[in-house]
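Below is one structure, written out as structure tokens; the observations come after it.
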There are 2 protein chains.
Amino acid sequence: MYRPLMHSPELLKGTLQTILLKVLQDNGKMYGYEITQKVKELSVGRILLTEGALYPALHKLEAEGLLQTETVLIGKRVRKYYTITVTGKSLVKERVIEFREFIKTMSAVLQVQFA
Amino acid sequence: MYRPLMHSPELLKGTLQTILLKVLQDNGKMYGYEITQKVKELSVGRILLTEGALYPALHKLEAEGLLQTETVLIGKRVRKYYTITVTGKSLVKERVIEFREFIKTMSAVLQVQFA
DNA sequence: GTCGATACATAAGAGAATTATGCATGTAAG
DNA sequence: CTTACATGCATAATTCTCTTATGTATCGAC
């Protein structure tokens, strides 16, 4: 399946984990495909997560104990639900703060107000 | 020479070109090392450009016609001054707008106000 | 005379994404 | 009824950008 380019491909690097954790924190139990749709909706079509980035990222977050999974059968289709853990919740807080700091720094370097 | 880690290494990916172009637009003629010091100063020590990233990036921008160079001998030391071109100036405008859009999008996805 | 700062540059390696591919089900249109 | 698109998972090959490491060399201070 074709996946169109995102709005700012390079800028998004490094933000994927933060996005996944935050969306899961805000929306509770979600599965991969559902996350891509939610992010697409929130970003008004500007962030289109690719499977090649999404699934490895989810697996990594799970391996690190930041997410928990639960596999469910819907008819004959497999669905893997993800939930954020306590550890994940504390990390997402840090990540959002870090992102805010990053914007502050960039604002100073680029001499631009981002308000 | 050792180069300490930057504040948010992953987040910075993709912003290097924008930083270089904008700093050169704001400060006129500058050489590599001078740029690292200026960026360090503007970012209050949070962005420490490494040579391995800086020089290839400058060479690439030059090859693309976004920067012009002028080599000068200071005593026995070589210095390569960079100036932003007209093409470069129009690109930096776009890049800053793009970065602003990126923040807006991230703000919507993370449901956080970045003001 | 040695260390740290100044000043350039390239190569090897790592990390995170894109692109491509694979498998499989559900459903709407023609 | 078959074809295309959406749903749903996953991994492999490749690309891109940066870090880390290395190399060369000048200058000033101690």
Side-chain angles (χ1 to χ4, degrees), chain A residues 1-21 29-41 45 47-64 67 69-82 95 102, chain B residues 1-21 29-41 45 47-64 67 69-82 95 102:
Chain A
M1 180 187 191
Y2 295 123
R3 286 252 150 248
L5 283 175
M6 301 181 201
H7 183 54
S8 342
E10 285 133 32
L11 292 175
L12 283 164
K13 298 214 173 191
T15 61
L16 181 56
Q17 278 199 10
T18 308
I19 290 172
L20 297 179
L21 291 170
K29 195 163 66 170
M30 293 180 93
Y31 54 98
Y33 187 78
E34 191 184 6
I35 295 173
T36 66
Q37 298 309 301
K38 188 67 183 176
V39 170
K40 184 179 172 182
E41 176 201 326
I47 300 182
L48 305 170
L49 301 184
T50 59
E51 293 99 326
L54 176 71
Y55 294 113
L58 288 172
H59 300 163
K60 199 187 167 198
L61 291 172
E62 188 190 359
E64 289 169 353
L67 298 180
T69 60
E70 186 189 337
T71 302
V72 178
L73 269 175
I74 306 292
K76 290 178 181 176
R77 302 260 283 272
V78 174
R79 242 187 225 173
K80 209 164 157 186
Y81 279 97
Y82 289 85
R95 287 295 177 86
F102 166 64
Chain B
M1 178 186 191
Y2 296 122
R3 285 256 148 246
L5 283 175
M6 301 183 201
H7 183 55
S8 342
E10 285 132 31
L11 292 175
L12 282 164
K13 296 216 175 192
T15 61
L16 181 56
Q17 278 197 11
T18 309
I19 290 172
L20 296 180
L21 291 171
K29 194 164 67 170
M30 293 180 94
Y31 55 97
Y33 186 78
E34 190 183 4
I35 294 173
T36 66
Q37 298 309 300
K38 188 67 183 174
V39 170
K40 184 179 171 182
E41 177 200 324
I47 301 181
L48 304 171
L49 302 184
T50 59
E51 293 100 324
L54 175 71
Y55 294 113
L58 287 173
H59 299 164
K60 199 186 167 198
L61 291 172
E62 187 190 0
E64 288 169 353
L67 298 180
T69 59
E70 185 190 338
T71 302
V72 178
L73 269 175
I74 305 293
K76 290 176 181 175
R77 302 258 285 272
V78 174
R79 241 187 225 173
K80 210 164 157 187
Y81 280 97
Y82 289 85
R95 286 294 177 85
F102 166 65

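Computation of the quantities below employed the complete heavy-atom set of this structure, encompassing side-chain atoms and omitting hydrogens, waters and symmetry-equivalent molecules. Here is how names work: the chains are called A, B, and so on, in the same order as the sequence lines, proteins then strands, and each is numbered from 1.
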Exercise. Between A:Leu54 and A:Ile74, which is nearer to the 5' end of DNA chain C once each is assigned its nearest nucleotide?
Worked result: A:Leu54

Problem set entry | Spacing of A:Ile35 atom CD1 relative to D:dA10 atom C1', expressed in whole Å | 15 Å

Exercise. For D:dC9, does either OP1 or OP2 sit under 4.0 Å from a side-chain N or O belonging to A:His59?
Worked result: no

Problem set entry | Phosphate OP1/OP2 of C:dC8: any B:Tyr31 side-chain N/O under 4.0 Å | no

For this session: Starting from the C-alpha separation in whole Å, work towards a yes-or-no answer on side chain to side chain contact (heavy atoms under 4.5 Å, CB included) for A:Glu70 and A:Lys80.
Result: CA-CA 6 Å; A:Glu70 186 189 337; A:Lys80 209 164 157 186; over 6 Å; no

Exercise. Starting at the 5' end of DNA chain C and moving along, which residue's nearest nucleotide shows up first, B:Lys80 or B:Arg77?
Worked result: B:Arg77

Seminar exercise, completed: Rounded to whole Å, the CG-P distance (A:Leu49 to D:dG8) equals 15 Å

Exercise. Which part of the nucleic acid does B:Gly52 contact within heavy-atom distance under 4.0 Å: base, sugar-phosphate only, or nothing?
Worked result: base

Exercise. Looking at C:dT19, D:dA10, C:dA7, which one has an atom nearest to any side-chain atom of A:Tyr82?
Worked result: D:dA10

Exercise. Run the side chain to side chain contact (heavy atoms under 4.5 Å, CB included) check on A:Val78 and A:Thr71 step by step: do they pass?
Worked result: CA-CA 7 Å; A:Val78 174; A:Thr71 302; 3.5 Å; yes

Problem set entry | Selected nucleotide, minimal atom distance to A:Arg79 side chain, candidates D:dC9, D:dG8, C:dA16 | D:dG8

For this session: Would you please confirm or rule out a distance under 4.0 Å between OP1 or OP2 of D:dC18 and any side-chain N or O of A:Lys13?
Result: no

Exercise. How many Å lie between CG on B:Leu16 and C1' on D:dT19, as a whole number?
Worked result: 12 Å

For this session: Provide, to the nearest angstrom, the distance between the CG atom belonging to B:Leu73 and the P atom belonging to D:dA25.
Result: 15 Å

For this session: Starting from P on C:dA17, measure out to CG on B:Leu11 and report it in whole angstrom.
Result: 11 Å

Exercise. Given C:dA7, is OP1 or OP2 found less than 4.0 Å from the side-chain N or O atoms of B:Lys76?
Worked result: no

For this session: Write down the distance between CD (A:Glu51) and P (C:dC23), rounded to a whole number of angstrom.
Result: 16 Å

Exercise. Could you give the CG-to-P distance, from B:Leu48 to D:dC18, as a whole number of Å?
Worked result: 15 Å

Exercise. Quick one: is B:Tyr55 getting a side-chain N or O under 4.0 Å of the C:dC8 phosphate, OP1 or OP2?
Worked result: yes

Exercise. Are A:Leu16 and A:Leu49 close enough, and set up right, to give a side chain to side chain contact (heavy atoms under 4.5 Å, CB included), and what steps lead you there?
Worked result: CA-CA 9 Å; A:Leu16 181 56; A:Leu49 301 184; 3.8 Å; yes

Exercise. Which residues satisfy the side-chain contact (heavy atoms from CB on, under 4.5 Å) test with A:Arg79, sequence neighbours excluded?
Worked result: A:Tyr31, A:Ile74, A:Tyr81

For this session: Would you kindly give the CG-to-P distance between A:Leu12 and D:dT17, to the nearest whole Å?
Result: 14 Å

Seminar exercise, completed: When A:Leu67, A:Val39, A:Thr15, A:Leu61 are each screened for side-chain contact (heavy atoms from CB on, under 4.5 Å) with A:Leu20, the one that passes is A:Leu61

